[in-house]
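A short worksheet on the structure shown next.
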Amino acid sequence: MIISVKNKQIRRAILFVVLAILLTIFVKINFIIPIGIDDGIRYFMSTTQTGLNDIVMSIFSFLGSPVVDLIYIFILAGVLLVAGLSNSSYMVCADHCPW
C-alpha cells in the first residue's frame with residue numbers, strides 16, 4: 001500500500017525533524033530552557049510526596065529506560081513493515097508518484 005504524501009506533510013515532517021535536532025542540541029549544550037523545564041518538573045515532583053508521584057516517576061523511569069527504547073524500535077519497525085511503509089515502498093512510489 002502506497003500512501004501519497006502532500007507537500008504540507010513533507011513540510012511538517014521537516015519542521016519536526018529540525019525541532020527535534022534543535023532540542024537535542026539544546027540539551028547537549030545545557031541550554032537554559034529545556035534544563036529549566038526539566039528542573040521545574042523534578043522540583044515539583046520531589047516536593048510533593050504522594051503515592052501518585054512515586055507511581056508516575058516509576059512509570060517514567062521504566063518507559064525511558066534503554067531496554068524499553070529498543071522494544072519501541074522493534075515495534076515501530078514491525079508496524080512499518082506490516083503497513084508497507086519500508087524503504088522499498090518509497091522506491092516503488094518514486095517511479096509512479098508525481099512528487
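Every heavy atom of this structure was used, including side-chain atoms; hydrogens, water molecules and symmetry mates were not.
- Looking at residues two or more places apart in sequence or on another chain, you find a side-chain contact (heavy atoms from CB on, under 4.5 Å) between I55 and I59.
- V79 and V68 end up in different hydrophobic clusters when Ile, Leu, Val, Met, Phe, Trp and Tyr side chains are linked at under 4.5 Å.
- With sequence neighbours left out, L76 forms a side-chain contact (heavy atoms from CB on, under 4.5 Å) with L80.
- Judged as a side-chain contact (heavy atoms from CB on, under 4.5 Å), and not counting sequence neighbours, I32 has no contacts.
- The list of ring pair (Phe, Tyr, Trp, His ring centres under 6.0 Å) pairs with a residue in residues 27-65, not counting sequence neighbours, reads F26-F31.
- The side-chain contact (heavy atoms from CB on, under 4.5 Å) test applied to V18 returns I14, L22, not counting sequence neighbours.
- To the nearest 0.5 angstrom, M57 atom CE is 9.5 Å from I41 atom CD1.
- By the side-chain hydrogen bond (donor to acceptor under 3.5 Å, both in side chains) test, R42 pairs with D38, D39, sequence neighbours left out.
- Residue F16 belongs to a hydrophobic cluster whose other members are L15, L19, with links defined by side-chain heavy atoms closer than 4.5 Å.
- Sequence neighbours left out, not one pair with a member in residues 47-62 passes salt bridge (charged side-chain N to carboxylate O under 4.0 Å, His left out).
- The shortest non-hydrogen separation linking D69 to L63 is OD1-O, 3.9 Å.
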